[in-house]
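Here's the structure, in structure tokens; my notes come after.
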There are 2 protein chains.
Amino acid sequence: MTPPADPPAAPPAEPPPESGAGPTPPAAEEPLTFWSFVDAAVTRTARQLPGTDTDATRLVLTLYRVTNMVVYDLESSVHRPRGWSWPGFRLLFVLWLAGPLEAGRAAELSGMSRQAVSALTNTLERQGLVSRAPSARDGRSVRLSLTDTGQRAIADAFAAHNERERLWAASLSAEEQATLVRLLGKLGSAAQHSEIRRR
Amino acid sequence: MTPPADPPAAPPAEPPPESGAGPTPPAAEEPLTFWSFVDAAVTRTARQLPGTDTDATRLVLTLYRVTNMVVYDLESSVHRPRGWSWPGFRLLFVLWLAGPLEAGRAAELSGMSRQAVSALTNTLERQGLVSRAPSARDGRSVRLSLTDTGQRAIADAFAAHNERERLWAASLSAEEQATLVRLLGKLGSAAQHSEIRRR
DNA sequence: CGCATATCGTCAAAGCCTTGACCAAATGAC
DNA sequence: GTCATTTGGTCAAGGCTTTGACGATATGCG
């Protein structure tokens, strides 16, 4: 779901609906595009719902959209050509760096649910990249580890993945990258507040 | 897939694998957690693959993980209780703000594929929130619009959604929010470079 | 030691995503 | 006007996500 990259070259939006029913018609004279939609969204939510925290809307909308673009690019150019998926790569990445793990720990480190790790491991096991073994520590657990094939495959994939990451990161200076990471980390720490729902 | 919020309180990782086969064993003495994994990942990829752009790795890893946390929280606390999904909300949001749209335009504005919008519209139509009509402009197109029920439902959901966005955003000052949005926007503009894959 | 409770991984059902394909309609060249 | 090409929406297959449930195993209290 990578959007067109060249705003505002998209064809014109349909004309706004007639006055009366429903929300206030969009006031934009220019056609909306993926890019201008964020600005328009902020303006229009303020009009539709007085009291809207428009800065928060802009923040979350931008965060989600940019992340989606990055992930789509990485998945479609690096991982799908290998017959992999983005979540598959993420699980292989965790096992590559942390070594063999119990499935629950792999779920925790990768930020996936236990059921998602279980289903994903089915796929990766079938591809010969990961193997399951009963855990000596706990009869309920399975220990996931990369096969030799998996080790080689993830090293190769990560090289290409990192090359692509570098292209994305290169649009920011080193200082900007550091600032972005710092602010994202600060945003992420909000999850420690009791109001935020977490697993 | 929201990870535990309280680093590093997670139970200890399994002991590192023995020397020899596979990658260099993880050197960390502390158990890895969702949080410390990012730092560990950066350190260990540099060791596994000399020449790794570790700043890019940190940037993309952090971006993805924080976004995932935010989306999981919004979806599980605001949208799933309504019987909705995150993508469903996003499509409703676009139709709410832009008014009735042809499906292809809705796909464009929301950053989804046409097939994803089609399948999602099936669900929302079944829930009585969206309706399809043939487009007068183009015999191949369908025009998507919110039903009256849909209008009311999205207004109510967005109020709760925005309240939750506000909680997230509140962890940053207004200036920090503006800086984050600006840097994300700059990162997103990288998609205009020809190397980045886009739809 | 017995038993209630918690934990781990998997299962099932339903929804969402991707790619490739198909059919109908639109477009543009000649 | 004809025809090749493009476009729009849907379909199908396969993979990934969620929630709730289940059976096996572990834990801790009395």
Side-chain angles (χ1 to χ4, degrees), chain A residues 1-2 10-11 14 68 71-92 101-108 110-127 129 132-144 197 199, chain B residues 1-2 10-11 14 68 71-92 101-108 110-127 129 132-144 197 199:
Chain A
M1 55 200 66
T2 305
E14 289 184 289
N68 240 12
V71 168
Y72 182 85
D73 173 65
L74 291 169
E75 187 171 24
S76 59
S77 64
V78 177
H79 302 302
R80 290 193 185 283
R82 286 169 169 76
W84 295 6
S85 63
W86 171 245
F89 166 76
R90 284 169 50 221
L91 183 54
L92 292 173
L101 290 172
E102 289 182 5
R105 292 285 296 131
E108 230 175 294
S110 61
M112 300 179 184
S113 68
R114 298 189 326 268
Q115 302 88 324
V117 168
S118 179
L120 211 43
T121 302
N122 288 341
T123 303
L124 296 173
E125 198 175 33
R126 202 161 57 245
Q127 290 173 320
L129 300 172
R132 278 180 166 109
S135 165
R137 189 185 72 86
D138 185 334
R140 299 166 297 182
S141 289
V142 294
R143 182 187 181 92
L144 306 181
R197 176 171 297 199
R199 208 185 306 277
Chain B
M1 52 198 62
T2 303
E14 289 184 292
N68 239 12
V71 169
Y72 181 85
D73 172 65
L74 291 170
E75 187 171 25
S76 60
S77 63
V78 177
H79 304 300
R80 289 194 186 283
R82 287 170 167 75
W84 296 7
S85 63
W86 171 246
F89 166 76
R90 284 169 51 221
L91 183 53
L92 292 173
L101 290 171
E102 287 182 5
R105 292 283 296 132
E108 230 175 294
S110 61
M112 299 178 184
S113 69
R114 299 190 324 271
Q115 302 90 322
V117 167
S118 180
L120 211 44
T121 303
N122 287 341
T123 303
L124 296 174
E125 197 175 35
R126 202 159 59 241
Q127 289 175 321
L129 301 171
R132 279 181 168 105
S135 167
R137 187 185 70 89
D138 184 334
R140 296 169 298 180
S141 289
V142 295
R143 184 189 181 91
L144 307 181
R197 177 171 296 198
R199 209 185 303 278

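Throughout, a chain's letter reflects where its sequence line sits, starting with A, and its residues are numbered from 1. Note that the coordinates shown come from a computational prediction; the quantities given were computed from them, not determined experimentally.
- Here D/dC16 presents its C1' atom at 11 Å from CG of A/L124, a figure rounded to the nearest Å.
- Between A/S85 and D/dG15, a side-chain N or O to OP1/OP2 separation shorter than 4.0 Å is absent.
- Judged as a side-chain contact (heavy atoms from CB on, under 4.5 Å), and not counting sequence neighbours, the contacts of B/T121 are B/L91, B/V117, B/V130, B/R132, B/L144.
- Of the candidate nucleotides C/dT18, D/dG15, C/dT10, C/dT10 has the atom lying nearest to any side-chain atom of A/Q115.
- With D/dT17, D/dG15, C/dT10 as the candidates, the nucleotide lying closest to the side chain of A/R126 is D/dG15.
- Neither OP1 nor OP2 of D/dG9 sits under 4.0 Å from any side-chain N or O of B/R132.
- Distance from the side chain of B/M112 is smallest to C/dC17 among C/dC17, D/dC16, D/dT19.
- Where the helix from C/dC1-D/dG30 to C/dC30-D/dG1 starts and where it ends, the local axes point in directions that differ by 20°; five pairs per end, rounded to 10°.
- Rounded to a whole Å, the CG atom of B/N122 is 7 Å from the P atom of D/dT10.
- Judged by distance alone, with hydrogens and angles left aside, the side-chain atoms of B/R82 form a donor-acceptor pair with the main-chain N or O of B/V78 at under 3.5 Å.
- In this structure, B/L120 atom CG and C/dA14 atom C1' are separated by 14 Å, rounded to whole Å.
- Judged by closest nucleotide on DNA chain D, B/E75 is the one of A/G139 and B/E75 placed further toward the 5' end.
- Per the geometry, CH2 belonging to A/W84 stands 13 Å off P belonging to D/dC16, to the nearest Å.
- For the atom pair CD of B/E108 and OG of B/S113, the computed distance is 12.5 Å after rounding to the nearest 0.5 Å.
- Between A/T123 and D/dC16, a side-chain N or O to OP1/OP2 separation shorter than 4.0 Å is present.
- In this structure, B/W86 places its CH2 atom 17 Å from P of D/dT17, rounding to the nearest Å.
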Quick test: give all pairs of protein nitrogen or oxygen and nucleotides 2-4 of chain C nitrogen or oxygen below 3.5 Å, distance rounded to 0.1 Å.
none

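- With sequence neighbours excluded, no residue forms a side-chain contact (heavy atoms from CB on, under 4.5 Å) with A/A119.
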Sub-3.5 Å pairs of nitrogen or oxygen atoms, protein against nucleotides 6-8 of chain D:
{"unit_1": "D/dT7", "atom_1": "O2", "unit_2": "B/R140", "atom_2": "NH1", "d": "2.4"}
{"unit_1": "D/dG8", "atom_1": "O3'", "unit_2": "B/S141", "atom_2": "OG", "d": "3.2"}

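- The shortest side-chain heavy-atom distance between A/W84 and A/L92 falls under the 4.5 Å cut-off.
- Between B/S85 and B/L120, the shortest heavy-atom contact is OG-CD1, 4.4 Å.
- A straight line from CZ of A/F89 to C1' of C/dC17 spans 19 Å, rounded to a whole angstrom.
- Rounded to a whole Å, the CZ atom of B/R90 is 11 Å from the C1' atom of C/dC17.
- The two residues B/S76 and B/P81 make their nearest non-hydrogen contact at O-CD, 3.4 Å.
- By the side-chain contact (heavy atoms from CB on, under 4.5 Å) test, B/R80 pairs with B/E75, sequence neighbours left out.
- A/L144 has its CG atom 12 Å from the C1' atom of C/dC8, to the nearest Å.
- In this structure, the separation between CG on B/N122 and CD on B/Q127 is 11.5 Å, given to the nearest 0.5 Å.
- Of the candidates B/R140, B/R114, B/R137, B/R143, B/R137 is the only one forming a salt bridge (charged side-chain N to carboxylate O under 4.0 Å, His left out) with B/E102.
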